[in-house]
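Encoded as structure tokens, the structure appears first; notes follow it.
Read the numbers this way: they start at 1 and go in the same order the structure lists the ligands and their atoms. Because only heavy atoms are used, hydrogens play no part in the values below, and waters and symmetry mates are left out as well, while side chains stay in. Worth saying up front: this structure is predicted, and the values here are computed from it rather than measured.
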Amino acid sequence: MNRSASPLGKDLVGLEELSAEQIRTILDTAEPFKEISERRIKKVPVLRGNTIVNLFMEPSTRTRISFEFAEKRLSADTVNISSSGSSVTKGETLVDTARNLEAMRIDMVVIRHGSSGAARFLADRIPSNVVNAGDGSHEHPTQALLDLLTLRDHLGSLEGRRVCIVGDILHSRVARSNIWGLLKLGAEVGVCGPRTLLPPGIEALGVETFGRIEAALEWADAVNVLRLQLERMKSGFVPSLREYNRVFGVTRKRLEAAPRDVLILHPGPMNRGVEIDSDVADGPSSVILEQVTNGVAVRMAVLYLLAGGRPEKAEAAKRGGLARE
Ligand code: CP
């Protein structure tokens, strides 16, 4: 495969930078890759010979493991690095860490970092492909892509569909990536939460704002429920978690009062009883675990395309394999 011919360019930093066509290409490429995870032997030689470093400087369960499964199922060689076990704790910079990894001849870096802009900063400084696995409150593109794939599975085309993101929009990279992706695919986007957790001027992006969860559920075909990111809050943005649940919690009673079936998404990790009640999270409208399953296929598609795989050859690639040239 020819990496320089990737339809995505060198890196995947955010959905703000992608066109609607590039987003559709990723989602369409993920479709044939879904089936690999259903096989008894979940492995194809598509990325044989590629070395991928997962550089996770912030905690993660779903994203880190999902990328690792995607890499292993495509037969790439993988190395996992976290801040606690690395020389970052001795003061080494991000770029020095990456350059040392490159000296050992790697091909891609998947990075999660607490600072907004860290993925772009790295992508501009190393020749390896860089994939953003979440940077501060900036973007989490593969999360939004798996959300879009899950919405598309259930709603078909997203053109004119109404999706409301509920909760802590202010601190959420998932919200930002979802807003870019949904708008580019023609959906109507709403955000709902306490005014203190909605970024000032967010309406300028072309989203509808809701101050009441009941109104959001009445409007939406799907809601993507976010947790309160208490670790990023420097002061009290909500009076208490109990109060938040009472006013903004997605509860069965509120869902049943909606005029149509509303699809429930959540990127995880969930705080049950705060932003979402258990009988909603585990109920018939929930597609939360489907999101997790789709995450592996979406990440396979992103890695394949960045490595120079052609979208139209994804079906053939998963049967026969295309190693890097
Ligand atoms: N959705 C998500 O990013 O989860 P993790 O923090 O567990 O990776």
Per the under 4.0 Å non-hydrogen criterion, ligand 1 touches S60, T61, R62, T63, R112, H140, Q143, P267, G268
Closest non-hydrogen atoms of A70 and L303, given as atom of the first, atom of the second and distance, are CB-CD1, 4.2 Å
| task | Find out whether the Lys NZ or Arg CZ of R299 is both under 6.0 angstrom from the six-membered ring centre of F67 and within 45° of the ring's axis. | result | yes
Those residues at least two apart in sequence (or on a different chain) that pass ring pair (Phe, Tyr, Trp, His ring centres under 6.0 Å) with F248 are Y244
Could you check whether any side-chain N or O of N245 sits under 3.5 Å from a backbone N or O of G273, counting only pairs where one atom can act as donor and the other as acceptor? yes
Residues 70-93 vs salt bridge (charged side-chain N to carboxylate O under 4.0 Å, His left out), sequence neighbours excluded, gives E68-K72
Extract all donor-acceptor atom pairs below 3.5 Å that involve side chains of residues 205-214 and protein atoms in other chains or at least two apart in sequence.
{"from": "E214", "atom 1": "OE2", "to": "R254", "atom 2": "NE", "distance (Å)": "3.0"}
{"from": "E214", "atom 1": "OE2", "to": "R254", "atom 2": "NH2", "distance (Å)": "3.4"}

